[in-house]
Amino acid sequence: MPYAEHKFQGNVGTTYKDSDPALFPAPIKAPDGAPNVLLILLDDVGFGQFSVTGGGVPAPHMEGLAKDGVLFTRFHTTALCSPSRAALLTGRNHQVAGTGVITELATGYDGYTGVIPKDTATVGEILRQNGYVTSWIGKNHNTPIYETSPMGPFDHWPNGLGFDFFYGFMAGDTNQLRPYLYQNQTALGTPTGADYYLSVDLADHAIGWLDTVEAVQPDKPWFMYFAPAATHAPHQAPKNLIDKFKGQFDMGWDAYRQQTFERQKEKGIVPQDAVLTERPASLPAWDTLNDSQKRLYTRMMEVFAAYGYQVDEEVGRVLDYVAKLPDADNTMIIYIVGDNGASAEGGFDGTLNENAFFNAYLMTYDQMLPRIDEIGTEMHFNHFPAGWAHAMDTPFQWTKQVASHLGGVRNPMIVKWPAKIHNKGQTRTQFTHVIDVAPTILAAAGVAEPRSVNGTPQTPIQGRSFLPVLDDGNAKEFRTSQYFELFANRGMYKDGWWAASLAFEPWQPERGEFDPMTAKWELYNLDEDFTQSKNVAAEHPDKLAELTALWWAQASINKALPLDWRGAERFSAEMTGKPNLAAGRTKYVYPVALAGLPEASAPDLKNKSFSVTAKANIGNKANGVIFTQGGNTGGWAFYLKEGKLLAVHNFLDLERYSIGSEAPIAAGERELKMDFAYEGGKDFGKGGTVTLTVDGREVGKGHIEKTTPFKYSLSENQDIGSDTGTPVTYDYATPFAFDGKLEAVTVEVK
């Protein structure tokens, strides 16, 4: 692909009168009978989270889909979002698709660049060139962070990856009430509606796009990749939905696991002889918590449940719309309930700010308890405790990030295709992996795997079609071997056996020294032990040796080496050498207001001295943002309020250090400057002194005790002249546009 262009083969005379009749190139048509395809992917979902697999979060639309289709109970992901998504779209293992980790943590090795290579074309690109119209609605976390600015390049944006239309956000997560959105390659900014929620908006746009397709090209098959942000942090939902779950999780995470496990047995999700795995020793038993902890943690779970219930409702609206289409019977719906297991990135106590974990800071319950009523609102990037994450992964061990164990990689998958699936409401237990989805879609469409795409020879698709399994629960196993790796957590599956080596517990933000050559391996017989509950390494040393040797071979073949177990420090572009549009300069001049510049394309202000200088014409009691970088998860703000000049550093939504002028700044042409003198030397996250000057005269000075060391946010931006997204400080309300005239803003790093 692309196929050879049509050239006119008739006779061409001197005029149209003595020439053969003209013939336009015929549009490429999809194979006869090719189905529409709706591919749905939720975010950070545990196997035991939603009611469809016995969990405590009601999901009636998911359950309805499972009754009309089939439910896969041995489907696997990669344990992290970007890798799972790259594998899903390309049909290749995540490191072969260049995405061994999220793009923010990328390194320069082939398996970890965060760049989907041209030799692993997406299923969207293949379908698009075979007569489909394609769309991507929701989360995109598969564009290198240094390519997400308005300057692109756009090769690795959704439009460049084979999707005719994109609407969503370009980050790993985002505030559900105040996201920064894009349509195709155009930044739309932040919605400001009082009742706005992202899940609702994404469903509206999915239905709107399908409306357009049905109106304009009803005979052309469509492929939609629908990827809501839920249930990734921040956990946010309308108050009326949160109140709906009040008191429903007072039993705590240990009792929740037992109740969920019993429901799973009743529903036939797990075998009757299955064993519930034990809670990790490092996680506290619910009964050992004090009343304040229980009150906080229960509230966090109620918010999380409301968030999950809302996304089921919104995805349900899309499903209901599709069910009413004229060609609904020939529409294949693949609903993957999570790109990895539930997330433990809230740490032991949970957090008001997931980004704190990414900066190696764990909040404590007593820091959060006074703000309990704000949890679930746009004010915080909150995340529940690791104990709840582990409970969401019932009946398995561990959570997101842990590719060595099923809690990190086993997610439910539901498939509905009325024209082909006649044995509805059944479960499927064949071992399946996320790389198997793309070849299944191609097989359903009758489209052959291309040898070359856009001039680049292709690495063969590694997944295998599971079409034979859809209508035949007794179809033989088609995937008998699969390797797993993430942050040096390693797993190897073969013929019912699973070898596992855990490198780090997922709630450890700082990871220190580690030797993969001496790390312990475990062994499980999954044919006899569905939940991975009994380590039989001592009884079968030869089998363990076979699988560990196979893992090393697969790791080498699939570009999983070199292993890298580092945590928060990999967010630093300077430490890892990631490209940055701002790298190599010490002075940045912005002659006009510029909002929405991603942090990865902006000057790196962390762990160093810097200044921001603005030439401005202001009136009396002027207001507005001069410069911000970050948002309510961390960062800097430099602004005027009622004429006073202020600078604020937000340390991880824990402390906001504010320095301001005592008197308002006089109207007129002014040079306004914020200078930060970092006092930490080569250490990370230390404090410093801010000095404010007007026309060279000092008007304010103050000390900042600590600064955010690695990352202000995954989704907030650098803004000049206004503040997009959430505010760095709640001293003002966004967008708080500058009401004077900014002639130039200069940032200097030292």
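In this text, all values refer to a predicted model and were calculated from it rather than measured experimentally.
For the ring-ring contact (aromatic ring centres under 6.0 Å, His included) test, residues two or more places apart in sequence or in another chain that qualify with F154 are W157. In this structure, the side chain to side chain contact (heavy atoms under 4.5 Å, CB included) partners of A230, at least two apart in sequence or on a different chain, are S199, Y307, V311. Partners of S84 under the side chain to side chain contact (heavy atoms under 4.5 Å, CB included) rule, at least two apart in sequence or in another chain, are T77, T78, D339. Partners of P191 under the side chain to side chain contact (heavy atoms under 4.5 Å, CB included) rule, at least two apart in sequence or in another chain, are P179, L181, Y196. Listed by chain and number, the residues in a side chain to side chain donor-acceptor pair (under 3.5 Å) with T122 amount to none (sequence neighbours excluded). Here F72 pairs with F466 under the ring-ring contact (aromatic ring centres under 6.0 Å, His included) rule; sequence neighbours left out. Here N140 pairs with T143 under the side chain to side chain donor-acceptor pair (under 3.5 Å) rule; sequence neighbours left out. By the side chain to side chain contact (heavy atoms under 4.5 Å, CB included) test, S713 pairs with E599, T633, S715, E716, sequence neighbours left out.
With rounding to the nearest 0.5 angstrom, the OG atom of S465 is 7.5 Å from the CG atom of L470. F487 contributes atom CZ, which lies 8.5 Å from atom CG of D564 (distance to the nearest 0.5 angstrom). Summarising the geometry, atom CZ belonging to R85 is positioned 14.0 Å from atom OG1 belonging to T90; distances are rounded to the nearest 0.5 Å. Rounding to the nearest 0.5 Å places CG of L467 at 5.5 Å from CE of M332. The CD atom of E314 sits 11.5 Å away from atom CG of L319, with the distance rounded to the nearest 0.5 Å. The OH atom of Y483 lies 8.0 Å from the CD atom of Q554; values are rounded to the nearest 0.5 Å.
N184 places no side-chain N or O within 3.5 Å of a backbone atom of Y167 that could act as its donor or acceptor partner. When atom types are taken as modelled, the side chain of D329 and the backbone of P418 share no donor-acceptor pair closer than 3.5 angstrom. R92 places a side-chain N or O within 3.5 Å of a backbone atom of A121 that can act as its donor or acceptor partner.
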(request) Apply side chain to side chain contact (heavy atoms under 4.5 Å, CB included) to I435 and Q482, showing your working. (result) CA-CA 10 Å; I435 62 174; Q482 179 62 39; 3.7 Å; yes

(request) Could you walk me through whether N159 and F165 pass the side chain to side chain contact (heavy atoms under 4.5 Å, CB included) test, one step at a time? (result) CA-CA 7 Å; N159 297 135; F165 178 79; 5.6 Å; no

(request) Carefully, step by step, assess D164 and Y132 under the rule side chain to side chain donor-acceptor pair (under 3.5 Å). (result) CA-CA 10 Å; D164 297 310; Y132 273 72; over 6 Å; no

(request) Please assess F358 against L714 for the test side chain to side chain contact (heavy atoms under 4.5 Å, CB included), listing each intermediate value before the final yes or no. (result) CA-CA 10 Å; F358 296 149; L714 297 189; 3.9 Å; yes

(request) With side chain to side chain contact (heavy atoms under 4.5 Å, CB included) as the test, would you mind laying out the steps for V337 and F75 before giving the verdict? (result) CA-CA 10 Å; V337 189; F75 177 82; over 6 Å; no

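Between P144 and H156, the shortest heavy-atom contact is CD-CB, 3.8 Å. The shortest heavy-atom contact between Y146 and P579 is CB-O, 3.1 Å. Residues Y112 and A560 approach most closely at OH-O, 2.6 Å, considering heavy atoms.
Close placement of the F431 and Y493 rings is indicated, their centers lying within 6.0 Å of each other.
Side-chain contact, H433 with R479: no donor N or O sits under 3.5 Å from an acceptor N or O. Side chains of Q462 and N558: a donor on one and an acceptor on the other come within 3.5 Å.
A salt bridge links R74 with E477: at least one charged nitrogen is closer than 4.0 Å to a carboxylate oxygen. Taking 4.0 Å as the cut-off between side-chain N and carboxylate O, K420 and D471 do not count as a salt-bridged pair.
The salt bridge (charged side-chain N to carboxylate O under 4.0 Å, His left out) analysis of residues 7-28, with sequence neighbours excluded, yields the pairs E5-K7. Applying the salt bridge (charged side-chain N to carboxylate O under 4.0 Å, His left out) rule to pairs touching residues 121-130 yields E125-R128, sequence neighbours excluded.
Ring planes of Y180 and Y182: perpendicular class, angle over 60° (limits at 30 and 60°).
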I'd like a table of donor-acceptor pairs (distance under 3.5 Å, sequence neighbours excluded) in which one partner is a side-chain atom from residues 208-226, with atom names and distances.
from : atom 1 : to   : atom 2 : distance (Å)
D211 : OD1    : Y321 : OH     : 2.6
T212 : OG1    : G208 : O      : 3.1
W222 : NE1    : N36  : OD1    : 3.4

Can I get a per-line list of side-chain donor-acceptor pairs under 3.5 Å for residues 99-106, giving both atom names and the distance, sequence neighbours left out?
from : atom 1 : to   : atom 2 : distance (Å)
T99  : OG1    : A97  : O      : 2.9
T103 : OG1    : I145 : N      : 3.1
E104 : OE1    : H141 : NE2    : 2.8
E104 : OE2    : H141 : NE2    : 3.1

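Considering only heavy atoms from C-beta on, D173 stays 4.5 Å or farther from K139 through its side chain.
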